[in-house]
Protein chains: 2
Amino acid sequence: MLVKERDDNQEVKTKEQQILAAAEQEFLTKGYDGARTTAIAKVAGVTHAMLHYYFRTKEQLFERIVDEKFATMSRSMFAIMGDPKLPIVERIIGGVATHFDFVAENPLLPRFIINEIVARPERYEVFYKRAGVVIETMYRDLQLEIDLAAERGEMEKVDVKMLFISIMSMNVFTFVAYPFMEPLMGELMSDRARFLSQRKAENIETILRRIKKQ
Amino acid sequence: MLVKERDDNQEVKTKEQQILAAAEQEFLTKGYDGARTTAIAKVAGVTHAMLHYYFRTKEQLFERIVDEKFATMSRSMFAIMGDPKLPIVERIIGGVATHFDFVAENPLLPRFIINEIVARPERYEVFYKRAGVVIETMYRDLQLEIDLAAERGEMEKVDVKMLFISIMSMNVFTFVAYPFMEPLMGELMSDRARFLSQRKAENIETILRRIKKQ
DNA sequence: TATTTGTTTAACAATTTTGTTAGCACAAAA
DNA sequence: TTTTGTGCTAACAAAATTGTTAAACAAATA
């Protein structure tokens, strides 16, 4: 009985899915150390024995979440690459916007990933082995395109990696530091949606000015 | 016997100081949940009963560290304000540089603070109450100065708060995301000191272009 | 020297958290 | 109808972690 149905034929989550959903919430907000399997079970609405029945250990449940989160984060980073069909400047600006939206949809992700990597770097060597090569190639291609555009006088000659770090900095910080900044910024951040749209425009403007020929 | 001395008359840390030093390291790297009082005691070279003798609870020991860290972070933020005697553009650029150096000296601080605030926001209402007012006044003054300079055509008219967020974003991200980025960036980040100096220049350049009149 | 005060340790206690197990209930298969 | 397997619960077990205490010891003080 993998998919449960109610009388009215609406699909309902299986217990396993309920546990996964609760675990995602708990791990993303509190991290591995702060998360409690009993709390996860409670939120999921099952006994904690149930949790161990399905996932055996906290560690294994955590891995399920971590794997998915790393995959999501990889996709978000590739979003910065932008649409290869566009001219380079629009491509970069489109990349900033797409990346911003990606992080906006997963605002808890960056802090979670960074904390994880600091806590147990060894664990993610596999991830880096695969990602490193892919990224290096994509960087080379993009750098080539930028250098050509720069020679044509269409933009400033910049280092792709540095540019990427700047883009990630501004987009990620917006969400990671939100809880810290919000009470300090008064009016500006009181309306979250409004602030985010302003911030997105600001990040785009900042990057645009960085790559514009002066 | 508050200050211990050795035969050779060199000063040695008291047990209390040893515990505090070890606790700072443990809490900054692992956070409250990940930290273990036994591990702190071990690093400090004392029994864990000793730790409880001096600080009674993990909570109280943590508060000692947290208070100091929040003070340090406040100072780092005021660094962005720059030197009021300088012309506004130099003042801002100087602020970026000083803030960068500040974070460089406390690379573990931002992640620690953010994690703390996410974990228990209530606890820091006091901090925000005090900081909020001070910051609001300083913002107003700076914004005034910027608006005047903009009217004189010396710089672009920008929102101070947005500018501050951009500055913090780029400077803080450099250090917070370092462990995550380093294995992805190959050559660029293999020499930490070299990378940091390049990154500092890049952050300054980015902010400079943001406020330059076009 | 005797007394007091503060420091240290070892052993223990309490609590929290994770993980296990025996067995019940129920549905599908034989 | 019996059997088999799965989902599930309650109660228990184990481990890790924090916190306490009594007593030994050392240092300062009267």
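Values below: every heavy atom of this structure, side chains too, minus hydrogens, waters and symmetry copies. Numbered from 1 within each chain, the chains take letters A, B, ... in sequence-line order.
Taking atom CG of residue B:Asp33 and atom C1' of nucleotide D:dA16, one finds them 15 Å apart after rounding to whole Å. Protein atom CD1 of A:Ile19 is 11 Å distant from nucleotide atom C1' of D:dG7, rounded to whole Å. For the pair B:Glu16 CD and C:dT8 C1', the interatomic distance rounds to 15 Å; values are reported in whole Å.
Applying side-chain hydrogen bond (donor to acceptor under 3.5 Å, both in side chains) to A:Asn203 and the options A:Lys200, A:Arg199, A:Glu205 leaves one that passes, A:Arg199.
A salt bridge does not link B:Lys69 with B:Glu116: none of the charged nitrogens is closer than 4.0 Å to a carboxylate oxygen. Ion pairing of B:Arg91 with B:Glu145 is present here, as a side-chain N (NZ or NE/NH1/NH2) and a carboxylate O approach within less than 4.0 Å.
OP1 or OP2 of D:dT18 sits under 4.0 Å from a side-chain N or O of B:Thr37. A sub-4.0 Å separation between OP1 or OP2 of D:dT9 and a side-chain N or O of A:Thr47 is present. Regarding contacts with the backbone of D:dT17, every side-chain N or O of B:Thr38 stays at 4.0 angstrom or more from both OP1 and OP2.
Across all strands, B:Ala35 comes closer than 4.0 Å only to sugar-phosphate atoms, never to a base (heavy-atom distances). Nucleic acid contact for A:Ala41: none, since no nucleic acid atom lies under 4.0 Å from a heavy atom of the residue.
Residue pairs satisfying the side-chain hydrogen bond (donor to acceptor under 3.5 Å, both in side chains) criterion with at least one member in residues 35-53 of chain A, sequence neighbours excluded, are absent.
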Listing, residues 102-113 of chain B side-chain donor-acceptor contacts under 3.5 Å, not counting sequence neighbours, or none:
from, atom 1, to, atom 2, distance (Å)
B:Asn106, ND2, B:Phe102, O, 3.1
B:Arg111, NH1, A:Asn115, OD1, 2.8
B:Arg111, NH2, B:Thr29, O, 3.1

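Residues A:Pro179 and B:Val118 approach most closely at CG-CG2, 3.9 Å, considering heavy atoms.
Contacts between residues 48-64 of chain A and DNA chain C, counted as heavy-atom distances below 4.0 Å, involve A:His48, A:Ala49, A:His52, A:Arg56, A:Thr57, A:Lys58.
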